[in-house]
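Whatever order the structure lists ligands and atoms in, that order sets their numbers, starting from 1. We number each residue from 1, following the sequence as shown.
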Amino acid sequence: MSDPRHFLDLDKLEAGALRDILARGNELKSAWTTGDRPKPFDGKTLVMIFEKPSTRTRVSFQVGMQQLGGMVVVMGEQESQLGRGETPADTARVLSRYADAIMIRTDDPAKLDDLAAYATVPVINGLTDASHPCQIMADIMTYEEHRGSIEGRVVTWSGDGNNVAKSWIHAAVRLGFTLRLACPGSLQPSEDVLNWAADHGGDIHQIDHAEEAVDGADLVVTDTWVSMGDENPEMRRQILMPFQVDAKLMAGAKDDALFMHCLPAHRGEEVTDEVMDGPRSVVWDEAENRLHAQKGILSWCLE
Ligand code: CP
Ligand code: NVA
């Protein structure tokens, strides 16, 4: 039996695989919107494990599976034996006997890796404290729908160097765009991902001031200042305030620059209403594209 095709992190996949996933997602999006209703997942089941809250990931995976003819089982941490200490390895062995794929949202990336090491079906990363690859696939799809290929473009991340930022770094290396990171000194992305990017020829720049980082950018991205599980919210808000994306900051980017946020947003913190609701914001398309990009991911894993 061949190894399952896991979707764990963007650095683990080559550009060709990422491009295949996006192409399949786009194909399934257009099939859905034109009224064609293919059912490639007829008889297939996805188990989803959520050890953290979710709106978009949970609903978009469930709706996506169902639209393509599949079924979903959803488990919260406290409803499963994982919450009482059953190991990810044993959980993976059992779930692989019932389901065709497993998606997990958890804190520790080691749990995801354990699950993948012992599952005989594909495992999908639905966010860990370290990364959020499904989100960035939807973001790339959204950018390219609006502006064409992201290759060679300049993307600016302003805010916390968190899990979403890490997946942006992976994507910049794999898909060939420039990424400028404007993060406070104490909230930089981890050294391991920056070293990986440098070793792989990434065009990644750490810039102290958000105004300098957005100069001439094609896309400005941010995320919450207090991720799920983060401590010291007040301290974070204080040191991240200079990185807020407001209309003045957006004015420094290119005239046709887009704004993205994975959501949920904390309006008035990392982004102002004016930017969220303004003409450059594509956050609702971005949220919708979770559905379509994940159909591409599921398809790549399952078909
Ligand atoms: N962006 C995102 O993953 O949203 P949820 O936490 O609602 O799933
Ligand atoms: N960085 C955020 C993303 C939420 C989708 C978090 O981990 O809470």
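- Contact detail for K52 and D107: the closest heavy-atom pair is CE-CA, 3.6 Å.
- Given atom 4 (O) of ligand 1, the protein heavy atom at minimum distance is R56 NE, 2.8 Å.
- Contact of the L18 side chain with the M137 side chain is registered, since non-hydrogen atoms from C-beta on lie closer than 4.5 Å.
- Any N or O atom pair closer than 3.5 Å counts here, and R58 shares no such pair with ligand 1.
- One finds no salt bridge joining E303 and K295 here, because no Lys/Arg side-chain nitrogen approaches an Asp/Glu carboxylate oxygen to under 4.0 Å.
- Ligand-side atoms of ligand 2 in range of L263: 5 (C), range being under 4.0 angstrom from any heavy atom.
- Ranking protein heavy atoms by distance to atom 6 (O) of ligand 1, first place goes to R105 NH1, 2.8 Å.
- For ligand 2, the polar-atom distance check finds an N/O of S227 within less than 3.5 Å of one of the ligand's N/O atoms.
- With a 4.5 Å cut-off on side-chain heavy atoms, S299 and F41 count as touching.
- Backbone and side-chain nitrogen or oxygen atoms of N163 are examined, and one is located within less than 3.5 angstrom of a nitrogen or oxygen of ligand 2.
- On a distance-only criterion, C262 and ligand 1 share at least one N/O pair closer than 3.5 Å.
- A salt bridge links D160 to R236: one of the charged nitrogens lies within less than 4.0 Å of a carboxylate oxygen.
- Neither the backbone nor the side chain of L127 has a heavy atom within less than 4.0 Å of ligand 1.
- Put simply, the side chain of F177 does not reach to within 4.5 Å of the side chain of V154, judged on heavy atoms.
- Among protein heavy atoms, the minimum distance from atom 8 (O) of ligand 2 is reached at M228 N, 2.8 Å.
- Salt bridge status for D90 with R93: present, with a side-chain N to carboxylate O gap under 4.0 Å.
- The protein atom (non-hydrogen) at minimum distance from atom 2 (C) of ligand 1 is R290 NH1, 3.3 Å.
- Ligand 2 lies nowhere less than 4.0 angstrom from a heavy atom belonging to V226.
- Figure legend: R180 and W157 shown without cation-pi pairing, the cationic atom not lying both under 6.0 angstrom from the six-membered ring centre and within 45 degrees of its axis.
- Using a 4.0 Å heavy-atom cutoff, K52 is absent from the residues neighbouring ligand 1.
- Among all non-hydrogen protein atoms, the one lying nearest atom 3 (O) of ligand 1 is H132 NE2, 2.8 Å.
- The heavy atom nearest to atom 1 (N) of ligand 1, out of those in T55, V164, L263, is found in L263.
- R105 has no carboxylate O lying under 4.0 Å from a charged side-chain N of E51, or vice versa, which leaves the two without a salt bridge.
- Considering backbone and side-chain atoms alike, H132 places every N or O at 3.5 Å or more from each N or O of ligand 2.
- Near D223, the atoms of ligand 2 lying under 4.0 angstrom from a non-hydrogen atom of the residue are 1 (N), 2 (C), 3 (C).
- Aromatic pair W196/H170: ring centres closer than 6.0 Å.
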